[in-house]
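Treat the numbers as computed from the prediction; the structure is a model and nothing was measured. Here is the naming used below: chain letters follow the sequence lines, and residue numbers restart at 1 for every chain.
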There are 2 protein chains.
Amino acid sequence: MMDIHTTNALRLLQVADEFRASLAGEFSSVHGISVNEFLLMLHLKQATAHRLSRVDLAKRMHVSASTITRMVAPMEKIGLVGRDVDARDARLVFVVATPAGQEKLSDALATFAKRAGYLFADRWEEDELGQLSQMLHRMTARKADMLA
Amino acid sequence: MMDIHTTNALRLLQVADEFRASLAGEFSSVHGISVNEFLLMLHLKQATAHRLSRVDLAKRMHVSASTITRMVAPMEKIGLVGRDVDARDARLVFVVATPAGQEKLSDALATFAKRAGYLFADRWEEDELGQLSQMLHRMTARKADMLA
DNA sequence: GCAATATGCTTGCATATGCAATTATTTTGC
DNA sequence: GCAAAATAATTGCATATGCAAGCATATTGC
């Protein structure tokens, strides 16, 4: 009824929505953070200097810059992240994780890993997991686009 | 640094967010609907009687029942969907697509298919597409859970 | 048959998010 | 070197969404 590309894209959205919904409840009750707050801190950890501007965060998370501004404000207030200004460009305000934020991320990553395990609960082969990893990697937008 | 399950789950969310963001703009400007409105109409089309209660829609879309109520109201107003009451249970109000809604869905599906094609633009083999399809299918929650 | 419980839907309130406009700063073109 | 354009961040306004409470209708237990 639909071509294979359409079917795959629909299944991708379906699985992602399911997984995100299953995460949301546990993240909120156990760690007191949202999935997006978790992903924001993960992006900080993975960034080269462990810090990112709001604009960079917005691009990586596929949300608007204003969303980042409003997400970061309460995270600063509760001490998960801090700010770090750039000496050469006074417009830039880097977001950095505090020690408390790093610990929160570490805890949340354990929950994430557990939930991720549920996704592959029905005996997947190592080969399959590797293939899926490569396929998903190929589906991400070109890095060049991200830097633009 | 992370186990393969975690990596795959993270990539899944990343790809899905990217794809959803790329859809959102074109759906809004070309078809005047949101991605979620599109998915809602798609669920109606795929339902056995081509109609679903708000509660069923909420389960399938992984959103709250109140969200469905508020999504459907403007869609009714602009004539994309109508309502269909159940003779035996006066609490039930089925959502059904109007002819206009079906045409809108058909148009949007063409856009969706085009965007889905971009996801697999770099020469994927038929085998790979089939494997991905099966893998994503295995990752969806059990149907039994959905009906509960 | 009726009270207690469950179910489907809606609504009040709080939070989350995007877009466009605004401000502050930097970069570019000449 | 300076005006124009670009960039980073914020804010006002509108929309989107979840949770809990409320209402109407069905179902259950006795």
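- Rounded to whole Å, atom C1' of C:dT17 lies 14 Å from atom CZ of B:Arg20.
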Produce the list of close N/O pairs, under 3.5 Å, pairing protein atoms with atoms of nucleotides 3-8 of chain D; give distances to one decimal.
from, atom 1, to, atom 2, distance (Å)
D:dT7, O2, A:Arg91, NH1, 2.6

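- When the C1' atom of D:dT27 is taken as reference, atom CZ of B:Arg88 falls 15 Å away, rounded to whole Å.
- Map A:Ala87 and A:Val63 each onto its nearest nucleotide of DNA chain C; the residue landing nearer the 5' end is A:Val63.
- No donor-acceptor pair closer than 3.5 Å links the side chain of A:Ser53 to the backbone N or O of A:Leu92.
- The distance from atom CZ of B:Arg60 to atom P of C:dG8 is 13 Å, rounded to the nearest whole Å.
- For the pair B:Lys45 (side chain) and B:Gln102 (backbone), a donor-acceptor distance under 3.5 Å is absent.
- Atoms CZ (B:Arg83) and P (C:dG8) sit 16 Å apart, rounded to a whole Å.
- Residue A:Val35 is grouped with residue B:Met2 when hydrophobic side chains (ILVMFWY) are merged at heavy-atom distances under 4.5 angstrom, including chains of intermediate members.
- For the ring-ring contact (aromatic ring centres under 6.0 Å, His included) with A:Phe19, the lone residue among A:Phe112, A:Phe120, A:Tyr118 that qualifies is A:Phe112.
- For B:Thr67, counting side-chain heavy atoms from C-beta on, the closest listed nucleotide (D:dA9, C:dG18, D:dT17) is D:dT17.
- At whole-Å resolution of the value, CG in A:Asn36 and C1' in D:dA16 are 14 Å apart.
- For the 3.5 Å distance criterion, the side chains of B:Arg11 and A:Ser133 qualify, holding a donor opposite an acceptor.
- In this structure, B:Leu52 atom CG and C:dC9 atom C1' are separated by 15 Å, rounded to whole Å.
- Counting heavy atoms of neighbouring residues, nucleotides and ligands inside a 6.0 Å radius, atom CD of B:Gln46 exceeds 12 of them.
- Atom NE2 of B:His62 is separated from atom P of D:dT17 by 14 Å (rounded to the nearest Å).
- Proximity note for A:Ser64 (side chain, C-beta onward) versus C:dT17, D:dT10, C:dG18: the nearest is C:dG18.
- At a threshold of 4.0 angstrom between heavy atoms, the contacts of B:Arg70 include nucleobase atoms, whether or not backbone atoms are also involved.
- A salt bridge links B:Glu26 with B:Lys114: the distance from a Lys NZ or Arg NE/NH1/NH2 to an Asp or Glu carboxylate oxygen falls below 4.0 Å.
- In this model, no side-chain donor or acceptor of B:Ser66 finds a partner on the base of C:dC9 within 3.5 Å.
- Across the protein-nucleic acid pair, A:Asp17 atom CG and D:dT17 atom P stand 11 Å apart, rounded to whole Å.
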